[in-house]
Amino acid sequence: MKLFLKVWKQDGPQTEGRFESHVLDGVSEDSSFLEMLDQLNEQLLEEGKEPVAFDHDCREGICGTCSLNINGFAHGPENSTTTCQLHMRKFEDGDTITIEPFRAKAFPVIRDLVVDRSAFDKIIQAGGYITVRTGSAPDGNALPVPKEDADLAMDAAQCIGCGACVASCKNASAMLFTSAKAGHLNMLPQGQAEKDSRVLNMVAAMDEAGFGNCRNYGECSAACPKDISLDYIAKLNRDYAKAKIKKVFS
Ligand code: FES
């Protein structure tokens, strides 16, 4: 395949970025999108030019590190797919592909296609955990969990924190991420003791980090590579309202 690439280049957080055009020939349709970028970087190094910085780690849809806007879509045009799982066979020979970093005020560009997503870490640090001592693994039947609750908690726990939800939302809201990270704990018995403080603190951290408000556009869920449902946002809103009322009357 021969591809025409428009790639975002930015030297640092404070400098202005620009698109650079590259022609890349001989791309295998079996290569992944990140392997195609590796090929581009090899070509740039051979030409004595600077390679393009981009984020990646597991390259199998687990870590959430890869974060690219491809032709205007977070993680590209395929549903339920991270950038590292996207294959070049989804593109046509001769295509022009525009590659940008995730765009959001709370995700400043560090360099080229790499953004700083530590704002997500701050939300997790505010309550995305359980502080009880759990000891060694208990017997599986010691604490029964209804099947439906276990399934919903596991679905929420699939969130890999990639930030596609934020990058796709016109308000750059982090409600889908926050609701998944609070939700998977709030639905299990072990998460009940800290449920109220968890939702209040995580939402406060989300607001403080500069994410926008949720207006139920739904782009976040549509772009999510793990298909996290908007239902978790509705649940977070309910849990937040209950926690707030309890706090006012306590
Ligand atoms: S590199 Fe880990 S999810 Fe893409």
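- Side-chain contact annotation: Asn171 with Ser173, donor-acceptor N/O pair under 3.5 Å absent.
- Counting only distance, with no hydrogens or angles, the side chain of Asn71 and the backbone of Thr98 share a donor-acceptor pair below 3.5 Å.
- Side-chain atoms of Arg198 and Asn186 include a donor-acceptor pair closer than 3.5 Å.
- Remark: side-chain polar atoms of Asp139 are paired, donor with acceptor, to backbone N or O of Asn141 under 3.5 angstrom.
- Within the 3.5 Å criterion, the main-chain N or O of Leu176 finds no donor-acceptor partner in the side chain of Lys181.
- Judged as a salt bridge (charged side-chain N to carboxylate O under 4.0 Å, His left out), not a single pair has a partner in residues 154-165 (not counting sequence neighbours).
- Looking only at distances, no side-chain donor or acceptor of Arg89 sits under 3.5 Å from a matching main-chain atom of Ser28.
- Not a single donor-acceptor pair under 3.5 Å links the side chain of Tyr232 to the backbone N or O of Ala182.
- At a cut-off of 3.5 Å, with distance as the only test, no side-chain donor of Thr82 or His75 sits close to an acceptor on the other residue.
- We find the OG1-CD distance between Thr15 and Gln10 to be 5.0 Å, quoted to the nearest 0.5 Å.
- Between the CG atom of Leu40 and the CD atom of Glu35 there is a distance of 14.0 Å, given to the nearest 0.5 Å.
- The residues Glu100 and Lys9 are annotated as not salt-bridged, no charged nitrogen and carboxylate oxygen being separated by less than 4.0 angstrom.
- Considering Lys244, Lys247, Lys246 in turn, Lys246 is the only one that fulfils the salt bridge (Lys or Arg N to Asp or Glu O under 4.0 Å) rule with Asp196.
- Checked by atom type and distance alone, the side chain of Gln158 never pairs as donor or acceptor with a backbone atom of Met154 at under 3.5 Å.
- How far CE of Met206 is from CZ of Phe211: 8.5 Å, rounded to the nearest 0.5 Å.
- For the 3.5 Å distance criterion, the side chains of Asp55 and Ser67 fail to qualify, holding no donor opposite an acceptor.
- The aromatic rings of Phe91 and Phe33 lie tilted to each other, with the angle between the two planes from 30° to 60°.
- Between Glu194 and Ser197, the side chains place no donor N or O within less than 3.5 Å of an acceptor N or O (distance only, hydrogens not considered).
- A salt bridge links Asp38 with Arg59; the closest basic N to acidic carboxylate O contact falls under 4.0 Å.
- Rounded to the nearest 0.5 Å, atoms CD (Glu42) and CG (Leu37) are 11.5 Å apart.
- Between the Asp93 side chain and the Lys2 main chain, a donor and an acceptor come within less than 3.5 Å of each other.
- In this structure, Lys170 is positioned above the aromatic face of Tyr217, its NZ or CZ under 6.0 Å from the six-membered ring centre and within 45° of the axis.
- Scanning all heavy atoms of the two residues, the minimum distance from Asp112 to Pro51 falls at OD2-O, 3.9 Å.
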